[in-house]
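Just below is one structure, and these are the notes that go with it.
Remember, it's a predicted structure, so these values are computed and weren't measured experimentally. Position 1 is the first residue of the sequence, and the numbers go up from there.
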Amino acid sequence: MAVEVDGKKIASEIFDEVRREVLKLKEKGHRIKLSIIAIGEDKEMELYIRNKIRYAQYCGIEIEVIYLPQDVSEQDFISKIKELNQSDSTGFIVQLPLPNHIRKEVIDFISPLKDVDCLTSENLGKVIKDHNLARFIPCACKAMLDIFELYKVEVKGKRAVVVGSSDLVGKPCAATLINMGATVSVCHKETDRKDLEEIVKFSDIVVSAVGAPGVIEGKWIKTGAVVIDIGTRVVNGKVLGDVEYEEAKKRASIITPVPGGVGIITVAELMRNTLNAFLYSNSL
């Protein structure tokens, strides 16, 4: 039976650490502010935004949410990004996914110094080259590293699979695992399901970030594998992960529940990235 990762406990320690540092800075007259650009209205998106507002306020970080209409033009979207680059925001993020009519390349208009989601080519490129030297690490990727460190997961020499190839999660997680010495397979929506099954069965580390409940069957998990489930989807008001949890738990050595696993840690790491953005910009 697997050890269940206590994401709430890990996150709580990060939140408290960030809160202490932010309060020290505020006592010296500094302001730290996180801005979120949200396009359109979506219940799932609102759930994520509410969590970020709640924990930013706990940490003493000012927060604002800027809502743009679903049909906002790409040029108006770019203009808003440029405006925030010059604003008093310490860092800002764009709540993904983007509407289909906006190219993901426009994310590169975000100043790398304020890119606390680590999505610009400059910041993501640094992570892929060597996460230890990067300005920021994407929040889900950093959450994975937090779990490895706390639960003493040996990565070097292991077989790992990352299911999902997004810039936000899949690519940085895969690159980081490679940099840590794992042999890594990357699967995605074009991967044949039978191939996915075979790759997962032979993997010592399984990282999934698809947002498709049950896409990874519990019986596929190798005995003793470490399972990091980053994918979430709200179905009928319930938050579900990518992995069939109850069955996978019988086989894995370490597993993250959904909810209560990686998700809350990513919010904590966003707050830490925002704090770090201030420290970098002010050379503190």
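- The two residues Pro172 and Asp167 come nearest to each other via the heavy atoms CD-O, 3.2 Å.
- Pro69 approaches Ile39 most closely through the heavy-atom pair O-CG2, 3.5 Å.
- Side chains of Leu96 and Leu119 form a contact here, defined as non-hydrogen atoms less than 4.5 Å apart.
- Classification of Arg193 and Glu217 as a salt-bridged pair holds, one side-chain N sitting under 4.0 Å from a carboxylate O.
- In this structure a side-chain-to-backbone donor-acceptor pair under 3.5 Å is present from Arg19 to Tyr58.
- Of all heavy-atom pairs between Cys173 and Val162, the closest is C-CG2, 4.3 Å.
- Summarising the geometry, atom CD1 belonging to Ile265 is positioned 11.0 Å from atom NZ belonging to Lys9; distances are rounded to the nearest 0.5 Å.
- The local environment of OH in Tyr151 is crowded, with over 12 non-hydrogen atoms from other residues, nucleotides or ligands closer than 6.0 Å.
- Results of the side-chain hydrogen bond (donor to acceptor under 3.5 Å, both in side chains) test with Lys33 over Thr274, Thr90, Asp88 single out Asp88 as the only residue that passes.
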- Task: Kindly indicate, with the supporting measurements, whether the criterion ring-ring contact (aromatic ring centres under 6.0 Å, His included) is fulfilled by Phe77 and Phe109.
- Result: CA-CA 10 Å; Phe77 178 53; Phe109 283 97; 9.3 Å; no
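- With 3.5 Å as the limit, one finds no donor-acceptor pair spanning the side chains of Asn85 and Ser111.
- The pair Lys219-Glu244 does not count as a salt bridge, with every side-chain nitrogen at least 4.0 angstrom from each carboxylate oxygen.
- Within a 6.0 Å radius of CD in Gln70, other residues, nucleotides and ligands contribute more than 12 heavy atoms.
- In the hydrophobic clustering of this structure, Val262 does not group with Val227; members are Ile, Leu, Val, Met, Phe, Trp, Tyr whose side-chain heavy atoms approach within less than 4.5 Å, directly or through other members.
- Around the CD atom of Glu149, the shell of radius 6.0 Å holds no more than 12 heavy atoms that belong to other residues, nucleotides or ligands.
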Apply side chain to side chain contact (heavy atoms under 4.5 Å, CB included) to residues Lys249 and Met1 and explain how you reach the verdict.
CA-CA 6 Å; Lys249 186 169 67 171; Met1 187 69 72; 3.6 Å; yes
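- A distance of 5.5 Å separates CG of Asp229 from OG of Ser208, quoted to the nearest 0.5 Å.
- Ser35 pairs with exactly one of Glu64, Lys80, Glu83 by the side-chain hydrogen bond (donor to acceptor under 3.5 Å, both in side chains) rule, that one being Glu64.
- Separation of atoms CZ (Arg159) and NZ (Lys222) is listed at 7.0 Å; rounding is to 0.5 Å.
- Panel note: side chain Ser253, backbone Gly224; a donor-acceptor pair is recorded below 3.5 Å.
- Between Glu74 and Arg103 the shortest side-chain heavy-atom distance falls below 4.5 Å.
- In terms of hydrophobic clustering, with Ile, Leu, Val, Met, Phe, Trp and Tyr side chains grouped at heavy-atom distances under 4.5 Å, Tyr280 and Ile137 are assigned to a common cluster.
- Proximity of a side-chain donor or acceptor of His188 to a complementary backbone N or O of Val210 within less than 3.5 Å is not detected.
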Take Lys26 and Arg31 through the test side chain to side chain contact (heavy atoms under 4.5 Å, CB included) and record every step on the way to the result.
-> CA-CA 6 Å; Lys26 291 177 77 172; Arg31 295 173 62 239; over 6 Å; no
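- Side chain to side chain, Tyr48 and Thr232 meet the donor-acceptor criterion of an N or O pair below 3.5 Å.
- The OG atom of Ser203 lies 11.5 Å from the CH2 atom of Trp220; values are rounded to the nearest 0.5 Å.
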- [ ] In sequence, state the C-alpha distance, the side-chain angles, and the governing distance for Glu4 and Tyr245, and then conclude on side chain to side chain donor-acceptor pair (under 3.5 Å).
- [x] CA-CA 11 Å; Glu4 295 180 312; Tyr245 185 75; 2.4 Å; yes
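- Using a cutoff of 4.0 Å between basic side-chain nitrogens and carboxylate oxygens, Lys201 and Glu197 are scored as salt-bridged.
- When all heavy atoms are compared, the tightest approach of Ala212 to Asp242 is N-OD1, 2.8 Å.
- Using a 4.5 Å cut-off on side-chain heavy atoms (C-beta onward), Ile81 and Phe92 make contact.
- Within the 4.5 Å cutoff, no side-chain heavy atoms of Ile205 are placed close to those of Val161.
- Remark: side-chain polar atoms of Ser281 are paired, donor with acceptor, to backbone N or O of Ala277 under 3.5 angstrom.
- Residue Thr183 holds its OG1 atom at 9.0 Å from CD1 of Ile178, rounded to the nearest 0.5 Å.
- Using a 4.5 Å heavy-atom cutoff, the side chains of Val65 and Ile53 are in contact.
- Clustering ILVMFWY residues whenever any of their side-chain heavy atoms sit less than 4.5 angstrom apart, transitively, puts Leu275 in the very cluster that holds Met271.
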Next on the checklist: Please determine whether side chain to side chain contact (heavy atoms under 4.5 Å, CB included) holds for the pair Ile66 and Leu84, giving the CA-CA distance in whole Å, both sets of side-chain angles, and the decisive distance to 0.1 Å.
Outcome noted: CA-CA 10 Å; Ile66 301 162; Leu84 284 176; 3.8 Å; yes
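- At distances below 3.5 Å, at least one donor-acceptor pair connects side-chain atoms of Lys114 with backbone N or O atoms of Ser89.
- Both Ile230 and Leu168 are members of a single hydrophobic cluster when ILVMFWY side chains are connected at heavy-atom separations under 4.5 Å.
- Under the 4.5 Å side-chain heavy-atom criterion for Ile, Leu, Val, Met, Phe, Trp and Tyr, Ile110 and Leu113 are members of distinct hydrophobic clusters.
- Remark: the Asp108 side chain and the Thr120 side chain contain no N/O donor-acceptor pair separated by less than 3.5 Å.
- Under the side-chain contact (heavy atoms from CB on, under 4.5 Å) test applied with Asp117, the options Val94, Asn273, Leu270 reduce to a single match, Leu270.
- Arg251 has a carboxylate O that lies under 4.0 Å from a charged side-chain N of Glu247, or vice versa, which qualifies the two as a salt bridge.
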**OP:** Evaluate salt bridge (charged side-chain N to carboxylate O under 4.0 Å, His left out) for Glu27 paired with Lys24, printing each intermediate quantity in order.
**Re:** CA-CA 5 Å; Glu27 287 173 359; Lys24 288 179 186 176; over 6 Å; no
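- You'll find the side chain of Phe148 reaches within 4.5 Å of the side chain of Ile228, heavy atoms only.
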Does Val22 form a side chain to side chain contact (heavy atoms under 4.5 Å, CB included) with Ile61? I'd like the steps, not just the answer. CA-CA 7 Å; Val22 169; Ile61 295 172; 4.1 Å; yes
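- Residues Asp76 and Ser73 have side chains that bring a donor and an acceptor to within less than 3.5 angstrom of each other.
- Closest approach of Val127 and Ala134 over heavy atoms only: CG2-CB, 3.7 Å.
- The backbone N or O of Ala175 lies less than 3.5 Å from a partner atom in the side chain of Asn179, making a donor-acceptor pair.
- Interatomic distance, Leu145 CG to His131 NE2, rounded to the nearest 0.5 Å: 5.0 Å.
- Considering only heavy atoms from C-beta on, Leu279 stays 4.5 Å or farther from Glu21 through its side chain.
- For Pro112 against Arg135, the heavy-atom pair with the smallest separation is CB-NH1, 3.5 Å.
- Val116 has its side chain within reach of Leu34: a pair of non-hydrogen atoms, C-beta onward, lies under 4.5 Å apart.
- Looking at Arg20 and Asp16, no side-chain N of the basic residue comes within less than 4.0 Å of a carboxylate O on the acidic one, giving no salt bridge.
- Within a 6.0 Å radius of NZ in Lys52, other residues, nucleotides and ligands contribute more than 12 heavy atoms.
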